[in-house]
Student: 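Before we start, here is the structure in question, set down as structure tokens.
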Amino acid sequence: MKFPMFTTMPVRGNEAHPLFAQLARITGKQPAWNFNKYLVDRQGRPVAYYPSNTNPDSAALTAAIEKALAPR
């Protein structure tokens, strides 16, 4: 599946890009606005969703990323 990083694409509803449609189905959370974040583990499974008002350097998001990247 191609995922163009710099192209506008639908992220909700029937026209949603397959990646966002799958993330919404699995997490139960559709992107509500720009800058929503999905944390995906090493196996490609969504493990968390953060709304757009979560800063990229927030303590909660940083801790979740570090936990997801920690050696097993």
Side-chain angles (χ1 to χ4, degrees):
M1 170 187 321
K2 289 185 177 186
F3 185 75
M5 293 291 292
F6 299 104
T7 302
T8 301
M9 67 183 81
V11 297
R12 297 180 0 177
N14 294 336
E15 299 297 318
H17 184 279
L19 173 63
F20 289 101
Q22 183 173 352
L23 287 167
R25 183 179 50 78
I26 292 170
T27 65
K29 304 281 187 178
Q30 286 193 21
W33 194 247
N34 291 341
F35 306 110
N36 284 258
K37 300 148 201 72
Y38 292 95
L39 179 59
V40 179
D41 70 11
R42 292 175 189 264
Q43 287 72 42
R45 296 178 299 230
V47 295
Y49 166 85
Y50 296 88
S52 60
N53 64 348
T54 303
N55 288 327
D57 61 351
S58 74
L61 180 55
T62 301
I65 292 169
E66 289 173 352
K67 181 179 177 184
L69 293 176
R72 307 260 185 262

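Starting from 1, each residue takes its place in the sequence as its number. These numbers come from a predicted model, not from an experiment.
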Student: Could you give all pairs that pass the salt bridge (charged side-chain N to carboxylate O under 4.0 Å, His left out) test and reach residues 43-52, with sequence neighbours left out?
Tutor: D41-R45
Student: Give every donor-acceptor pair under 3.5 Å between a side-chain atom in residues 7-15 and any protein atom, sequence neighbours left out.
Tutor:
from, atom 1, to, atom 2, distance (Å)
R12, NH1, P31, O, 3.3

Student: So which pairs with a foot in residues 46-63 pass side-chain hydrogen bond (donor to acceptor under 3.5 Å, both in side chains), sequence neighbours left out?
Tutor: N36-Y49
Student: Once salt bridge (charged side-chain N to carboxylate O under 4.0 Å, His left out) is applied, what residue pairs with a partner in residues 30-39 remain, sequence neighbours excluded?
Tutor: none
Student: For R42, enumerate each residue passing the salt bridge (Lys or Arg N to Asp or Glu O under 4.0 Å) test, keeping only those at least two apart in sequence or located in another chain.
Tutor: none
Student: What about Y38 and F35, same hydrophobic cluster or not, with Ile/Leu/Val/Met/Phe/Trp/Tyr joined at side-chain heavy-atom distances under 4.5 Å?
Tutor: no
Student: Consider only side-chain heavy atoms of I, L, V, M, F, W and Y, link residues closer than 4.5 Å, and tell whether L69 and V47 are in one cluster.
Tutor: yes
Student: Partners of P46 by side chain to side chain contact (heavy atoms under 4.5 Å, CB included), sequence neighbours excluded?
Tutor: L23, I26, T27
